[in-house]
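Note that the structure is a prediction, hence the values are computed from the model and not measured.
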Amino acid sequence: MKHSFKKFYYYIAGDPSKPVSLRRNVVNLSVPVLLSSLFQRLVSIVDIFLVGGVSAAAIAAVGLGQLMIFVAMTVFWGLATGATVVIAHLWGAGKAEEARKAAFVAILTCAAMTLIVSLVGVTFGDKLGRIMGARADVMAYASGYIKLVFTYLVFTTGLNILSAIMQGRGNTRTPMNAILLVNILHVIIAIPLIYGKLGFSPMYVKGAGYAINISEAIGFSYLLFYAIRHHYINFGIPDTGLWKKVWIVGYPVALERVAQQSGQILFAKFVLGYGTVAYAAHQVGVSLESLSFVQGAGVGIASTALMGQALGAKKYNRARIGNKEALRIAVVVMGLMACIFLFFPGPLSSLFTSDQDVIAKASVFLRLVALAQIPLAMAFVYAGSLRGTGDTFYVFLCTLGSMWGVRIFLAWIAAGLLHLSLYAVWGAFVVDWYVRAGAFAWRYHKRELHGITL
């Protein structure tokens, strides 16, 4: 029997009057998350795009600052995943009050962590950029940008945790609306600040930093108002038992992101060794590739919520079929993006810069990563489903082993030992994702879903 072509009906949490097909529910959850992830990444992409008219050094500076933020966000993504999984299980089991208490615990933890990370980023961001090998022309732009985005990091982390809380409850549309608002405001604010329009003096890269801060502050305020108004949060004495549940699920995800992002920093250092133009091309390529990356990540988040809710309600067949439908969506979407990267890399790269050397190198990058889009899709969905079962430690171990044992090791051989071309270093990225997809798929199909609890 081909379950993926049959209708499986169940009730939407909180509204038992609406039976819908499982496939439709996967789409209803996935599409807003997919768009939210896309819009969230677009904030960073637009910054790269807008400063492209300044210089290659400006592109590299914004890319460097964004990389540091991604690294800093590792612990917050772990917290967000823990919150999503725990709230999804509680909500699926009909424990609405406990879900609200878990949301409050997650917000308090996020606030404390943000204070620490902001102080570290403002104090040591410059030093880290120089350690990574950024040249003086890059650091001239990067220094102010790094200080700005870390000073107002609370709005970034606030958006992240509130979105995770709502996604755990099955509300993926409101976070999508918030990040769409952020994108619109970001463009409206960034152009005059970067290039000196409407009476402003040109701020260049710092203007991009201010635009992110202001737009995310407004988006965060919108989500917080919505969460309070619709009783997503139970304010009161923190429940340490729920905090432990969030922590048990979340800390391996934080470790996973640390392994991933620290590896990204070292990988970026290998690329920086080939010069500013090479790193600018890398940033253009990464920005374009992320249009596909975030779509797979969005479906992965949806599969985490679906799996968590299904297991909380003890509906194991629904959990399995939900994974299949999420996998189908991710493969189709990212497969289409692979074709675009393969056949139109030059026109896409030229949207960001007129530097022909940057365009040529970025085009090669896009053709290489086109080969990794299908395994990326598989990795996102299988990892998301494993997180939904609470099996986050295995995902961490695979990420650690693949990032450092495959990508970094191969890049080190190519750049450090054999002194091969930049393209050989980029090729390590492709090999990494094939290994990771296989490891996640193997684990998922070996697990028995019955009886899994937090």
Side-chain angles (χ1 to χ4, degrees), residues 1-13 18-38 81 84-85 88-89 91-92 167-168 170 172 249 292-339 372-392 394-395 398-399 433-453:
M1 181 183 294
K2 296 183 178 180
H3 294 294
S4 57
F5 289 97
K6 282 186 169 289
K7 294 283 188 177
F8 289 86
Y9 291 93
Y10 71 99
Y11 295 120
I12 297 175
K18 295 182 178 179
V20 294
S21 73
L22 183 55
R23 178 179 297 178
R24 190 183 309 157
N25 190 256
V26 172
V27 172
N28 289 342
L29 273 177
S30 296
V31 170
V33 176
L34 185 154
L35 292 175
S36 296
S37 300
L38 180 61
T81 300
T84 296
V85 172
H89 275 247
W91 191 252
Q167 287 161 1
T172 56
V249 175
S292 175
F293 189 96
V294 297
Q295 294 179 63
V299 180
I301 292 170
S303 65
T304 298
L306 282 166
M307 184 66 68
Q309 289 183 1
L311 293 181
K314 301 187 184 302
K315 296 184 178 180
Y316 305 111
N317 202 40
R318 181 172 69 184
R320 292 191 186 91
I321 300 166
N323 172 267
K324 290 180 181 179
E325 296 300 336
L327 188 62
R328 183 194 304 277
I329 293 169
V331 168
V332 169
V333 171
M334 296 188 72
L336 290 174
M337 293 301 296
C339 293
Q373 296 310 296
I374 299 302
L376 262 169
M378 296 173 61
F380 280 129
V381 174
Y382 280 123
S385 293
L386 288 171
R387 293 187 190 106
T389 69
D391 193 12
T392 51
Y394 176 82
V395 178
C398 280
T399 301
W433 282 107
Y434 274 91
V435 172
R436 226 180 286 195
F440 291 148
W442 174 83
R443 176 70 165 190
Y444 177 82
H445 289 293
K446 285 291 183 180
R447 284 183 64 89
E448 174 59 56
L449 298 182
H450 288 279
I452 294 176
T453 56

So Phe380 and Val299, side-chain contact (heavy atoms from CB on, under 4.5 Å) or not? Walk me through it. CA-CA 7 Å; Phe380 280 129; Val299 180; over 6 Å; no
Donor-acceptor pair, His445 side chain versus Phe440 backbone, under 3.5 Å?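 Looks like no, no N/O pair under 3.5 Å.
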Without swapping roles, check the side chain of Ser385 against the backbone of Tyr382 for a donor-acceptor pair under 3.5 Å.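 No, Ser385 side chain to Tyr382 backbone: no donor-acceptor pair under 3.5 Å.
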Nearest heavy atoms of [X] and [Y], plus distance in Å:
X: Tyr434; Y: Ala372; result: CE1-CA, 4.4 Å
X: Ala326; Y: Ser303; result: CB-CB, 4.1 Å
X: Thr304; Y: Arg387; result: OG1-CB, 4.1 Å
X: Ala319; Y: Met307; result: CB-SD, 3.4 Å
X: Gly388; Y: Val85; result: O-CG1, 4.1 Å

Leu386 vs Thr392, test: side-chain contact (heavy atoms from CB on, under 4.5 Å). Steps then yes/no. CA-CA 7 Å; Leu386 288 171; Thr392 51; over 6 Å; no
Ile374 side chain near Val331 side chain, heavy-atom distance below 4.5 Å: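 A side-chain contact exists here, since the closest heavy-atom pair is under 4.5 Å.
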Would you say the side-chain atoms of Gln373 and Ser292 include a donor-acceptor pair closer than 3.5 Å?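 On atom types as modelled, these side chains qualify, holding a pair under 3.5 Å.
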How many angstroms lie between atom [atom1] of [X] and atom [atom2] of [Y], to the nearest 0.5 angstrom?
X: Arg443; Y: Cys398; atom1: CZ; atom2: SG; value: 8.0 Å
X: Met337; Y: Leu376; atom1: CE; atom2: CG; value: 12.0 Å
X: Leu327; Y: Met378; atom1: CG; atom2: CE; value: 6.5 Å

